[in-house]
Every structure is written in structure tokens, then in C-alpha cells.
Student: 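Below: one structure in C-alpha cells.
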Amino acid sequence: MTATNPSALLYQDGKLTPQEACTLTAQALARCDDGELYLQYGVSEAFTFDDGRLKTADYSRDSGFGLRGISGEMTGFAHANDISAAAIRRAGETLQLLDPAKGQPAPPPRKNNRHLYTESSPLDAIPFAQKVALLETIDAAARARDPRVAQVTASLSGSWNVVEIVRADGFVARDIRPLVRLNIGIVAEANGRRETGSFGMGGRYLYDHLFDPAEWNRGLDIALQRAITNLESVDAPAGEMTVLLGPGWPGVLLHEAIGHGLEGDFNRKGTSAFSGRIGEQVAASGVTVVDDGTLANRRGSLSIDDEGTPTSETVLIENGVLKGYMQDRLNARLMGVAATGNGRRESYQHAPMPRMTNTFMRAGQDDPAELLSRVKNGIFAKSFGGGQVDIVSGKFVFSCTEAYLVKDGKLGAPIKGATLIGDGPSVLTKVSGIGNDLELDEGVGVCGKAGQSVPAGVGQPTLLVDCLTVGGTA
């Protein structure tokens, strides 16, 4: 299937015309303050090559709509996987349960002339056999690279979506959203011991970049290096100590422990540790945190959010001072501020809510090597795995997948079983050094909230945190 006119895919069955979509939306939302008809067409696929053979090859195609009406603080939402005038009329009946709006309808989002993704070629531009061959080649290359490689898992996935937002006031906005990802996992074995290492990369583009031998070889080298390094790891120490956080993916700690607490809904309801603190010093001097959905090709970027608002660069914390929150239209209106382009949803089956796009800390002035030299007794956390956070308190627990002992400013042995324990607001105040080496992650982040998952980006420079609790096994 080759799409020469992506928007036509939303109306391809002939059950709905663009004019009918506008008319039905106006009728359904006549009693509402705000809301929209969200149309989506998408294809997705995933391949997994494991233990020397192709284990899975999945392909799916889906389309549908979500109709949302807002009256005051009340929201009505209905969805269906049938893009037709009849289905939208039935969904509109749900919104009749809302109390009639008492004020003027909310104004539409501003128009957007910037389109990050304009590709009209879907995922099958590269044949099925070529995708399987890539994974097979990665598997063979990993096994040939080091005799300690015991098992290889390589996976490739992609999706391509067209969305359209239709409002009662006649506003219509459309976006194209490609997304791909390559993951490589390696199990290394030596002297009866097995350890793992992994690496992933991706972003909002089509497959071509991932098929570049220089790129997948780089990913393979990193995954292998992590597995081999972990073969030499020792038990992690435990206790309060200085922690040096590496650049890039460790920004996932910032995302989880701080980012969610800066989303508008939690702050409107007063359940965030940052509620009511605009203008206060909430972090160490020099700490500036932004959410930016405008970065080309980044996993969390969008031309427009899922309400039609153009994404933007939103400064959340500037030089340690809390400046604002990430907002969708509903919470922005109720808080009396502007929407920031952070209204996101997993699919047409979900209503939007305030969500992060690409959230990161800006670079500072410190030399990363000099920051390392300041650590007398601590650890260097280079990469993270999973974590948990309580949004109300900001308390978090994160596991390290690659970390090292540090003694008198020198890297020591790799460690295993290390976890970082703390709370986001406190960690921000304990940052004593900010590197000049900002990196964004490689494009693999998935953010969960209220049962919805969306792609997101993270990043940070090297950070020196004076005191953080490390959970270890030693």
C-alpha cells in the first residue's frame, strides 16, 4: 500500500466526507465549551529475531475516531473503530448527557505552518524480506564479534499514522506521524556467569536510518560492550553517597521523578509536589528544565498535539526557579493560562491529557571530567532500566543497568544491582555540577500515565548530585 494522499485514508471507505465531519462535530458539540473529533488511520508492524530464528512478525492496520465534549470540568468521550457518519452521530448522543455550557466556547488553537513529518510513504517502502535480513545480519554479526556471546535478540518495529482534529468552530488540523525503533539485546557468558547488555535507537522517521550499517553496528557495539562490562561487575555498595549521572538516557530519572509532577492536571488538583510553587526556587542554581515537542525526528516530537495545538518549547524550571507547567486545553482553561501543546493521547480510543514530549535539562558550564574528579567516594550511573515514582511525593526508585564505582575521582569496577532512591524535588536541590555535554536519548522512551502509553524523549548533561541513596547488594 502506497499512500499518495494520506488524508484520504481517513475517508477511504466513503462512509464520511470531510464536510460531514465538520457538520457532525458542530452538531455534537453545540452544548459544549470545548472538544473535538479526532480521526486516526494507522499501520504498525513488529519483528523479533531471537535465538537464531524469526520468532514474531506482526502487522496491523487500524482506524477510528474519538469524539470528546467538555462542559465546565465535565468531559464526555466516545470512540469507535468505524469512521462513518452514522457512528459519529451515535457517539454524539453520549455528549447529550453533559450539562449545557454556561460560558462562551473556548477559542480554537492557533494555526500551525510547521510540519515536522511530511513523508507519504508507509512502512512497506522496505520489503518484508529485507527487514528480516537486517535482524538476521545483526544476529550473525554479534555472534562473530565475540565468542562470549551466548544469545542475541534483535527487534524492529514501526508505525505510521495520519491524524485529523476537527472542531465545532470549523478548525481542522492534520498531522503525519512516522515512528520506528530497533533494539538489540545480548547475553554474554564467561566462566559460568551470564550477563546482559542492550541498546535501542529510533525516532520519528522511516526505516532508512536504521538500515545504515554504521548505525546498527554502533548499536551492536554498545550492547555488546555493556554485556561484557557486566561480566566483570561486582556487588553495588549501599548507603548515601555522591552520584554522577551520565548524559542522555539517565534523563529518564528527570522525566519520571520531576516531569510528571510538572504536568498541569496534577497541579490544578493540588496533588503534585510542585503545586502552587510558580516563582519559587525549586532547584539548584543553574538547573533549567524544558519540554520541547518541536525537535525534528525526536521520538516525543509532534507538529501539533492531539487537540490541534502546535507543540512548543516550554520552560518549566529556569535557573532553579519554577516557571510553569505542561498544559492541555482543559487544564489550561481552568487554570487561566495558555495551552502549551502537551495534550496527548495513546490513540483515538483515549481522551487527551497533559503529557510530556521531549523533556530534558539544558547544558551547564562544567567539564564532565572535572565533575568526575570531584567524586571522592560514590558511583557513576551511566544507564538506567526500569523505575517507579509516586507523583504526589516525587519519591522514586530506579535500577542502574550500567554503573561504576568511583574512588578519589577515578572510575573503578562496574557494579551490578544498584538502585537509586530519592525524591525528585530534593534531588533538584542537591545538583552541584552541570556538564556542558547535553545529550538526548537514542529514541526509545515510552511514557505511561493513567493507562495510556505514548512515545517520549528524555535527556540531560552529566550531573553531579551531592547526596543520593544507593540501594546495593554488597
Side-chain angles (χ1 to χ4, degrees), residues 197-199 201 214 218-219 221-237 239-255 257-258 283-290 317 319-320 358-385 398-420 422 426-443 457-470 472 474:
S198 62
F199 182 79
M201 67 179 86
R218 179 177 68 89
D221 287 340
I222 294 173
L224 178 58
Q225 173 265 319
R226 288 175 175 170
I228 298 303
T229 296
N230 286 333
L231 283 174
E232 307 298 326
S233 62
V234 300
D235 289 339
E240 291 191 348
M241 62 190 72
T242 303
V243 175
L244 187 67
L245 300 172
W249 179 246
V252 68
L253 189 153
L254 182 79
H255 168 104
I258 299 161
S285 178
V287 170
T288 295
V289 179
V290 302
I317 298 172
N319 198 25
N358 304 297
T359 311
F360 55 92
M361 186 183 297
R362 285 182 175 158
Q365 303 297 321
D366 296 315
D367 179 353
E370 192 274 329
L371 293 178
L372 175 63
S373 72
R374 296 190 209 171
V375 183
K376 301 307 177 186
N377 185 35
I379 68 169
F380 171 50
K382 188 174 182 180
S383 187
F384 288 100
F398 274 91
S399 61
C400 299
T401 55
E402 184 180 4
Y404 301 83
L405 294 172
V406 181
K407 186 72 172 177
D408 295 326
K410 304 291 184 183
L411 283 181
I415 55 177
K416 66 175 181 178
T419 58
L420 300 185
S426 293
V427 169
L428 285 179
T429 65
K430 295 175 182 176
V431 173
S432 60
I434 304 174
N436 57 13
D437 58 342
L438 169 64
E439 290 182 14
L440 300 179
D441 75 289
E442 294 275 357
V458 301
Q460 67 175 40
T462 298
L463 291 181
L464 185 62
V465 182
D466 280 340
C467 186
L468 197 56
T469 301
V470 176

Student: My understanding is that only residues two or more places apart in sequence, or in another chain, count here; which of them pass side-chain hydrogen bond (donor to acceptor under 3.5 Å, both in side chains) with E439?
Tutor: none
Student: Does any non-hydrogen side-chain atom of D441 lie less than 4.5 Å from one of N358?
Tutor: no
Student: Walk me through it: do L245 and F384 pass the test side chain to side chain contact (heavy atoms under 4.5 Å, CB included)?
Tutor: CA-CA 10 Å; L245 300 172; F384 288 100; 3.7 Å; yes
Student: Calculate, to the nearest 0.5 Å, the distance between atoms CE and CG belonging to M361 and L463 respectively.
Tutor: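 It is 4.5 Å, given to the nearest 0.5 Å.
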Student: Which residues pass the side-chain hydrogen bond (donor to acceptor under 3.5 Å, both in side chains) test with D221, sequence neighbours left out?
Tutor: R145
Student: Report the residues that fulfil side-chain hydrogen bond (donor to acceptor under 3.5 Å, both in side chains) with T242, sequence neighbours left out, ordered by chain and then residue number.
Tutor: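 By the side-chain hydrogen bond (donor to acceptor under 3.5 Å, both in side chains) rule, T242 matches no residue at all.
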Student: Roughly how far, to the nearest 0.5 Å, is the CG atom of L438 from the CG atom of L440?
Tutor: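 If I round to the nearest 0.5 Å, the distance is 5.5 Å.
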Student: To the nearest 0.5 Å, how far apart are CE in M241 and SG in C467?
Tutor: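 Atom-to-atom, M241:CE and C467:SG are 9.5 Å apart.
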Student: Can you tell me how far the OG atom of S285 sits from the CD1 atom of I434, to the nearest 0.5 Å?
Tutor: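 It is 8.0 Å, given to the nearest 0.5 Å.
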Student: L464 and R374: side chain to side chain contact (heavy atoms under 4.5 Å, CB included), yes or no, with the steps?
Tutor: CA-CA 9 Å; L464 185 62; R374 296 190 209 171; 3.8 Å; yes
Student: Got a sec, which residues hit side-chain contact (heavy atoms from CB on, under 4.5 Å) with D367, two or more places apart in sequence or on another chain?
Tutor: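 Testing D367 for side-chain contact (heavy atoms from CB on, under 4.5 Å), a comparison that skips the adjacent residues, returns A369, E370.
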Student: Between T229 and Y404, is there a side-chain heavy-atom distance shorter than 4.5 Å?
Tutor: yes
Student: With a 3.5 Å cut-off and sequence neighbours excluded, list the donor-acceptor pairs that the side chains of residues 406-415 form with protein atoms.
Tutor:
none

Student: Is there side-chain contact between W249 and V458, with at least one heavy-atom pair below 4.5 Å?
Tutor: yes
Student: K416 and side chain to side chain contact (heavy atoms under 4.5 Å, CB included): which single residue from D235, N230, T401 fits?
Tutor: D235
Student: Can you sort out the partners of D437 under salt bridge (charged side-chain N to carboxylate O under 4.0 Å, His left out), two or more places apart, ordered by chain and number?
Tutor: none
Student: Mind checking whether L428 and I317 have side chains closer than 4.5 Å, heavy atoms only?
Tutor: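 SC-SC contact between L428 and I317 confirmed.
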Student: Just to verify, what does E232 make a salt bridge (charged side-chain N to carboxylate O under 4.0 Å, His left out) with, not counting sequence neighbours?
Tutor: none
Student: To the closest 0.5 Å, what do you measure between CD (E402) and CD (Q225)?
Tutor: 5.0 Å
Student: For P461 and A363, work out which heavy atoms get closest and say how close.
Tutor: CG-CA, 4.0 Å
Student: For L405 versus P237, what's the shortest heavy-atom pair and its separation?
Tutor: CD2-CD, 3.6 Å
Student: Taking side-chain contact (heavy atoms from CB on, under 4.5 Å) as the test, write out the residues that go with T419, two or more places apart.
Tutor: V397, S399, I421
Student: Apply side-chain contact (heavy atoms from CB on, under 4.5 Å) to N436 and list each qualifying residue two or more places apart in sequence or on a separate chain.
Tutor: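 N436: side-chain contact (heavy atoms from CB on, under 4.5 Å) contacts with P368.
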Student: What pair of heavy atoms forms the shortest contact from C400 to A381, and how long is it?
Tutor: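 Answer, listing the atom of C400 first, then A381: SG-CB, 4.0 Å.
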Student: Run T462 and L244 through side chain to side chain contact (heavy atoms under 4.5 Å, CB included) and show every step you take.
Tutor: CA-CA 7 Å; T462 298; L244 187 67; 3.6 Å; yes
Student: Keeping R362 on the side-chain end and T288 on the backbone end, is there a donor-acceptor pair under 3.5 Å?
Tutor: no
Student: Going by the rule side-chain hydrogen bond (donor to acceptor under 3.5 Å, both in side chains), which residues pair with S432 if we only count those two or more places apart in sequence or in a different chain?
Tutor: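 Only D466 meet the side-chain hydrogen bond (donor to acceptor under 3.5 Å, both in side chains) criterion with S432.
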Student: Once you round to the nearest 0.5 Å, how far does CG of L371 lie from CZ of F380?
Tutor: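 Going from CG on L371 over to CZ on F380, the span is 10.5 Å.
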Student: Between F360 and V289, does the side chain to side chain contact (heavy atoms under 4.5 Å, CB included) criterion hold? Intermediate values first, please.
Tutor: CA-CA 6 Å; F360 55 92; V289 179; over 6 Å; no
